[in-house]
Amino acid sequence: MASIDTYLHIIGIELLAMLAIVQALIDAGKTKRALSRLFLTVLGFMLAHFAAHILPNTLAEFIYSSRHEYHSVKPFALHRT
């Protein structure tokens, strides 16, 4: 069974596709401008959501890779007494 996060990704992608299609079909200035803003808002939320998935892991890997005491597998040279 897929998670709620997967369903939200699918809904967001479908919403962006629908907004892009409707925006291409409309000629009215105010309506087209409103749809453009809505499209950019949804895209912004999806990019922020993507960054929320990727950024914490990247930051954690960077921080913990620079500290010897956080490595889960220590080299043999450190175990000498």
>> A side-chain contact here means heavy atoms from C-beta on lying under 4.5 Å apart; do H49 and L8 qualify?
In response: no
> If you measure from OG1 on T41 to CG on L35, what distance do you get to the nearest 0.5 Å?
Replying inline: 11.0 Å
> Do you know the tightest heavy-atom contact between L16 and F39?
Replying inline: O-CE1, 3.4 Å
> If two hydrophobic side chains count as joined below 4.5 Å and joins carry through other members, does L19 share a cluster with L47?
Replying inline: yes
> Taking the hydrophobic residues Ile, Leu, Val, Met, Phe, Trp and Tyr, and joining any pair whose side-chain heavy atoms are under 4.5 Å apart, which ones share a cluster with F50?
Replying inline: I54
>> How long is the straight-line distance from CD1 of I13 back to CG of L43, given to the nearest 0.5 Å?
In response: 11.0 Å
> Knowing that exactly one of V22, I21, D27 qualifies, which makes a side chain to side chain contact (heavy atoms under 4.5 Å, CB included) with L25?
Replying inline: I21
> When rounded to the nearest 0.5 angstrom, what is the spacing between CE in M46 and CG in L15?
Replying inline: 9.0 Å
> Can you find a pair of side-chain heavy atoms, one from H53 and one from D5, that are under 4.5 Å apart?
Replying inline: yes
>> Please report the interatomic distance CD(Q23) to OG1(T31), rounded to the nearest 0.5 Å.
In response: 11.0 Å
> For the residue pair P56 and A51, what are the closest heavy atoms and their distance?
Replying inline: CD-O, 3.7 Å
